[in-house]
A.B. asks: 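This is the structure I have questions about; it appears just below.
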Amino acid sequence: MLITNIIEIIKEGNSGYINSCIFENIDISGASSLESASKNQISFLENNNKIKDSLNITKASLIITSDNKEIMTFLKNKRISSVIVSNPRIAFAEILNEIKVNLKIKPGINKSADIDKSSTIGKNCYIGSNVFIGEKTKIGNNNFIFPGTVILQEVEIGDNNFIYPNCVIHPNTIIKDNCVINSSTVVGSEGFGFIPNKGKWVKMPQTGGVILNSQVEIGTNCCIDRPVVGNTVIGEGTKIDNLVQIGHGVQIGNHCVFAAQVGIAGGAIIGDGVILAGQVGINNRVKVGNNVVASSKCGIIADVKDGAVVSGFPSIPNKSWLRSISIFKKLPELAKKLRQLDNK
Amino acid sequence: MLITNIIEIIKEGNSGYINSCIFENIDISGASSLESASKNQISFLENNNKIKDSLNITKASLIITSDNKEIMTFLKNKRISSVIVSNPRIAFAEILNEIKVNLKIKPGINKSADIDKSSTIGKNCYIGSNVFIGEKTKIGNNNFIFPGTVILQEVEIGDNNFIYPNCVIHPNTIIKDNCVINSSTVVGSEGFGFIPNKGKWVKMPQTGGVILNSQVEIGTNCCIDRPVVGNTVIGEGTKIDNLVQIGHGVQIGNHCVFAAQVGIAGGAIIGDGVILAGQVGINNRVKVGNNVVASSKCGIIADVKDGAVVSGFPSIPNKSWLRSISIFKKLPELAKKLRQLDNK
Amino acid sequence: MLITNIIEIIKEGNSGYINSCIFENIDISGASSLESASKNQISFLENNNKIKDSLNITKASLIITSDNKEIMTFLKNKRISSVIVSNPRIAFAEILNEIKVNLKIKPGINKSADIDKSSTIGKNCYIGSNVFIGEKTKIGNNNFIFPGTVILQEVEIGDNNFIYPNCVIHPNTIIKDNCVINSSTVVGSEGFGFIPNKGKWVKMPQTGGVILNSQVEIGTNCCIDRPVVGNTVIGEGTKIDNLVQIGHGVQIGNHCVFAAQVGIAGGAIIGDGVILAGQVGINNRVKVGNNVVASSKCGIIADVKDGAVVSGFPSIPNKSWLRSISIFKKLPELAKKLRQLDNK
């Protein structure tokens, strides 16, 4: 794709086009990081990158960057073409979507797929090898369901969804539009509900379902459990990384981001725009407000207000935790000092 | 199902029937939470629920509850039929099992299943699409093995087990009766055993097996490893949630409950009735006594006595941990006070 | 296998043969732990085993042990044959590989495997039931690819690899030689990259790949993500346990060992010979030096120097952490003492 074409795409995109400088309108055939880019490749640069080292060695032919005079001068001196935008990362994402295509899959239903007669499949879908689709399932248009995925029965899937290989979708799951479910993830598995009775555990049947709203993306090897009654719900645009556990009956708002290995226990209620870093845990029935940020490994065991930034276990405000943890390292000194004072 | 039939089932069950009050013997066709129940649905109520709010808005036609005068008066005034039992949750579980059926699966062996000639399948089993069953495997009666599950070879499975889709059962696994293995879980995978030798890692072959005793339930995307020699054993009635790691040679007692993302390292020995909350870790070869309770994210690195309640990392008695953690928050104040005293 | 044959194998192996003592050259048909070994079985013994208890009860016919006079005398008195080596564990591993074979799989391509015409399979491979192999994939010689595994397209696999059931290998993955990928693990899944934009998350396409160098072993239900551009790389001989998350673009050195449930965020750079215990987390872009050891549950959020031993969250030198954590338990006493001094 010619540099002029790339600039047209960026102008029509959402990265906030500012300016561009073309030394030679060559064909760009790939994308890479600054360090490993070769000629005819595009790369991108942000202010917080370790700029100078990488710029000195890059062989990229086109660089997307932000409005930074020092960088622009450097690129001009090196005669590297550039595009200046407000958000270089978004421009790079838009260009990657055009010049690199990961999977070349054509629509069609593989003959080894086992689809119940009572189920319906919309137009333009790919149903891969050995996919199983049980009774009374409705699948909309433009869905890609990859080999080995099992959709048990009574599932509703809207349009434009990707369900990667070896996933399992249990009954009473609704997946709306433009969702991505990565490989080997299980949606609608039974919630973990057992009632103690005379030293044993009696199973509480989990008869509810799961609703994934539009634009939800779920990572690899995740578990989204269904509750006793009602639904586990994940709000529009929420993105979930790998190996995450969403317990039964959890309600998650819109546009949240959860990193890998997060665990959310049953019945927790999470607001909109919540960011959970890796390995965070949330206790059952806890309410987490809108736009809360929880740092990695933190454990939330009580309700958290809108906009709070929390850390530690049990979680406390991040600022308070930073002060305490800095003293934790000095505890031996403190204890010694205290003994000295006490001995006086 | 008529309310009078529901009451018969509860009387014959294990929830401790006390009393009932029927305003109209209507047909109950579903179950739900108090908040979302509609007419013709059953719900349940415990003392620790946020009673008044939910009761005021419920439209349920029948409510299972405990022997609480205030609630009973309220229900009578609202003309809602009720069943009074000692344990409402158990009664609700029993009724859910009757009126809601998650999966309607009929026995039968799917023609796409690949079953070795040397293996045997008992009566009344469901073997789903694309199931693979290798050599010398014995499968008893009334088992449900869902699509995509792979049973490698030399596995013994008793009666009345559910193995959900895309599980993998490795050789030398014994699964007794009435077990549930949820989707995409792996039983009998090789233990993680490597011997350091001149800066590299030599593999110790894992030739042992796994024994799951009766009534064991294992969640989704779990790993139960096999040891070098001997067996990894999970005791009768133990229930394990999603994304749990059970290392090679671990011995787990009866009627334990492990929440999601727990990890138990190789050779640990866990007693009966042990409760581990989410994301707990247990070091290799540690012995955990009977009825120990470990709170979430706790790390057990040394033996724990029967009945102990532990928290933190490394785990200490819960009471002690609660006191220390409450002071952790005040460390900056303490440090400041100490400096002031020191300066005097 | 006769004891004399076993001794020949050990002599030719890497355990450092020293001596042996045969009472009767019988056939050894199995291996076991000291406690559960029966007649005609081999077992092994290290100095740090709880020697006396186990030796008193063992029925093993042959024991591999180290050069310890007390043990040798004991074995002679009990008339148990013995082999003395420098590293009994390695000798036992070598013998286990000879006398116990877990899986008896013959090469051959199952007729239900769905392999694209543009892909090639080398000599002597096993391709199990329902394996899917997409376009332009090259598979070398002597590979074992088990039932239900999905290899999407444009993957390169060298020689002598084992890929266990229900794994998923995404495009642009290179697996070199002698690797093991355990069941239900996903290699090359898309990295978790989203850019915040006006309260929503814009997806950064992940167009890179994954390289697993030779002798890499990966556990069960793991996720190895691919990056935006470039590759996620795992170095030669590195061994990874179950439920581990390797984020996009992570670079891991040679001969590392990571225990179960470790999580490494995107872009982290890990040196050679690094040992991470269970549930350790590493932040994105952090550099971890060669031969670093991180104890269980530790969280590394900043660069760590070569050879450091770290613990806690955020991680600090292990010795320092041990001192601080020992005082953590005594915080209530310290606070009390401080109040007393303050009141004086």
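Chain identifiers are assigned alphabetically (A, B, ...) following the order of the sequence lines, protein sequences preceding nucleic acid strands; residue numbering begins at 1 within each chain. Source: prediction; values computed, not measured.
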A.B. asks: Do you know which of Gln261(C), Gln340(C), Glu135(C) has the most heavy-atom pairs under 4.5 Å to chain A?
C.D. replies: Gln261(C)

A.B. asks: Name the option with the most non-hydrogen atom pairs under 4.5 Å to chain A; the candidates are Asn221(C), Val202(C), Asn197(C), Leu331(C).
C.D. replies: Asn221(C)

A.B. asks: Please identify, among Gly249(C), Gly247(C), Ser189(C), the residue contributing the most non-hydrogen atom pairs under 4.5 Å to chain A.
C.D. replies: Ser189(C)

A.B. asks: Could you have a look at Ser326(C), Pro314(C), Pro196(C) and say which one has the most heavy-atom pairs with chain A under 4.5 angstrom?
C.D. replies: Pro314(C)

A.B. asks: Determine whether the aromatic ring centres of Phe146(A) and Tyr126(A) lie less than 6.0 Å apart.
C.D. replies: yes

A.B. asks: Picking from Phe328(C), Phe132(C), Trp201(C), which has the most non-hydrogen pairs under 4.5 angstrom with chain A?
C.D. replies: Trp201(C)

A.B. asks: Counting only heavy atoms closer than 4.5 Å, note whether Ser296(A) contacts chain C via side chain, backbone, both or neither.
C.D. replies: both

A.B. asks: Pick from Lys329(A), Glu217(A), Glu236(A): which one has the most heavy-atom pairs with chain C under 4.5 Å?
C.D. replies: Glu217(A)

A.B. asks: Would you mind checking which part of Asn254(A) comes under 4.5 Å of any heavy atom in chain C, side chain (CB onward), backbone (N, CA, C, O), both or neither?
C.D. replies: neither

A.B. asks: Applying ring pair (Phe, Tyr, Trp, His ring centres under 6.0 Å), name anything that partners Phe313(A), two or more places apart in sequence or on another chain.
C.D. replies: Trp321(B)

A.B. asks: Which bit of Asn110(A) is near chain C, if near means a heavy-atom gap under 4.5 Å: side chain, backbone, both or neither?
C.D. replies: side chain

A.B. asks: Among Val292(C), Ile270(C), Val309(C), exactly one meets side chain to side chain contact (heavy atoms under 4.5 Å, CB included) together with Val304(C). Which residue is that?
C.D. replies: Val292(C)

A.B. asks: Under 4.5 Å from any heavy atom of chain C, what part of Ile325(A) do you find: side chain, backbone, both or neither?
C.D. replies: side chain

A.B. asks: With sequence neighbours left out, what residues match Asn40(A) under side chain to side chain donor-acceptor pair (under 3.5 Å)?
C.D. replies: none

A.B. asks: Just so I understand: if I count every heavy-atom pair under 4.5 Å between each of Ala260(A), Ser129(A), Gly128(A), Gly148(A) and chain C, which residue has the most?
C.D. replies: Ser129(A)

A.B. asks: Mind ranking Gly219(A), Ser183(A), Ser112(A), Ala335(A) by heavy-atom pairs under 4.5 Å with chain C and telling me who comes out on top?
C.D. replies: Ser183(A)

A.B. asks: At a heavy-atom separation under 4.5 Å, does Ile240(A) approach chain C through its side chain, its backbone, both, or neither?
C.D. replies: backbone

